[in-house]
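Just below is one structure, and these are the notes that go with it.
Counting from 1, the numbers follow the sequence of the chain as shown. Owing to the predicted nature of the structure, the values given are computational and were not obtained by experimental measurement. Side chains are part of it too, since the values below use all heavy atoms of this structure and drop only hydrogens, waters and symmetry mates.
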Amino acid sequence: MKNNENINFYLKVVNKWNEAIIARDKAYYTYIRSLSQMLVGLLGILIALRPTSPLECIAKLLFLVSITLIGLTILFSQKLLFSEVKSQELEVKAYHEKLKTISESDKKVSLEIIEVPKLKNFSNFEKMTFFCFVTSIIVLIIYTYVLILQ
């Protein structure tokens with residue numbers, strides 16, 4: 001009887017841990033998705049509301065750099081979202097293989113949690129997303145000051 005209580009407690013802890021991981025990942029990718037959507041809107045607004053009067057060379061350069069950085073942020077954030085989809089696909093395949101092994105085996109199979117590692121370059125794309133985002137905001141602020149001082 002005591003062993004059943006330990007197993008039930010273990011399963012509860014594993015379930016809570018899994019729920020916490022799912023909640024964390026969902027919040028993270030919701031943030032990345034909303035960042036992408038916001039930046040796509042900002043990119044459209046910046047291009048649509050671009051000044052029609054001739055700009056100084058510095059202002060033109062700042063505008064171009066900010067548009068480029070926003071585009072790169074969108075690109076990197078979309079790569080992060082795609083890597084999450086790919087990671088979940090690999091996890092589903094791993095569990096499918098585990099279930100297939102269990103169903104074909106006559107022996108007792110141990111309970112194990114399958115962890116799928118993040119895809120290569122995931123942390124690089126993550127760093128580049130936030131670097132480009134922060135840099136684009138700083139460049140936009142400088143661009144605004146240059147326009148005001150013109």
Side-chain angles (χ1 to χ4, degrees), residues 7-104 109-150:
I7 291 172
N8 287 335
F9 176 74
Y10 173 76
L11 290 175
K12 284 180 185 177
V13 170
V14 168
N15 284 336
K16 289 288 186 188
W17 180 49
N18 192 38
E19 289 170 9
I21 290 170
I22 290 169
R24 179 202 62 200
D25 288 349
K26 183 179 178 183
Y28 178 76
Y29 289 105
T30 298
Y31 170 74
I32 295 295
R33 193 176 310 109
S34 65
L35 177 68
S36 284
Q37 291 169 345
M38 176 189 69
L39 288 174
V40 166
L42 179 62
L43 187 64
I45 290 171
L46 281 174
I47 291 171
L49 298 178
R50 169 173 60 91
T52 54
S53 62
L55 296 174
E56 289 181 12
C57 187
I58 293 174
K60 282 182 185 178
L61 181 64
L62 288 170
F63 184 76
L64 180 63
V65 168
S66 66
I67 295 295
T68 303
L69 285 169
I70 290 171
L72 286 172
T73 304
I74 293 167
L75 181 70
F76 290 131
S77 66
Q78 291 306 302
K79 181 62 179 163
L80 282 177
L81 293 173
F82 177 76
S83 69
E84 173 61 12
V85 170
K86 195 68 174 166
S87 178
Q88 287 177 353
E89 181 181 321
L90 291 174
E91 186 175 1
V92 167
K93 284 181 181 179
Y95 275 109
H96 177 73
E97 289 298 318
K98 183 67 175 175
L99 287 173
K100 187 176 176 183
T101 303
I102 290 171
S103 68
E104 293 172 353
V109 179
S110 64
L111 173 69
E112 60 184 68
I113 296 171
I114 297 174
E115 260 190 85
V116 177
K118 296 287 185 191
L119 297 176
K120 281 193 269 182
N121 296 325
F122 178 86
S123 76
N124 292 337
F125 285 120
E126 188 176 43
K127 289 173 188 169
M128 289 306 296
T129 296
F130 294 111
F131 173 77
C132 289
F133 175 63
V134 169
T135 308
S136 69
I137 298 299
I138 292 168
V139 171
L140 277 174
I141 291 169
I142 295 168
Y143 169 71
T144 305
Y145 280 120
V146 168
L147 280 181
I148 290 171
L149 295 175
Q150 238 183 8

Which atom pairs, donor and acceptor, lie under 3.5 Å between side-chain atoms of residues 134-142 and protein residues at least two apart or in another chain?
unit_1	atom_1	unit_2	atom_2	d
T135	OG1	F131	O	2.6
S136	OG	C132	O	3.2
S136	OG	F133	O	2.7

Does E89 come within less than 4.0 Å of K93, counting only side-chain N to carboxylate O?
yes

Nearest-0.5 Å distance, [atom1] of residue [X] to [atom2] of residue [Y]:
X	Y	atom1	atom2	value
K79	I32	NZ	CD1	14.0 Å
Y29	S83	OH	OG	5.0 Å
F63	T144	CZ	OG1	10.5 Å
L35	Q78	CG	CD	9.5 Å
L80	R33	CG	CZ	12.0 Å
E84	Y28	CD	OH	9.5 Å

How about Y145: does its OH atom have over 12 heavy atoms from other parts shown lying under 6.0 Å from it?
no

More than 12 non-hydrogen atoms from neighbouring residues, nucleotides or ligands closer than 6.0 Å to CG on L90, yes or no?
yes

Test applied, side chain to side chain contact (heavy atoms under 4.5 Å, CB included); reference residue, L42; option that passes from I47, I70, I67:
I70

Does L75 form a side chain to side chain contact (heavy atoms under 4.5 Å, CB included) with T129? I'd like the steps, not just the answer.
CA-CA 8 Å; L75 181 70; T129 296; over 6 Å; no

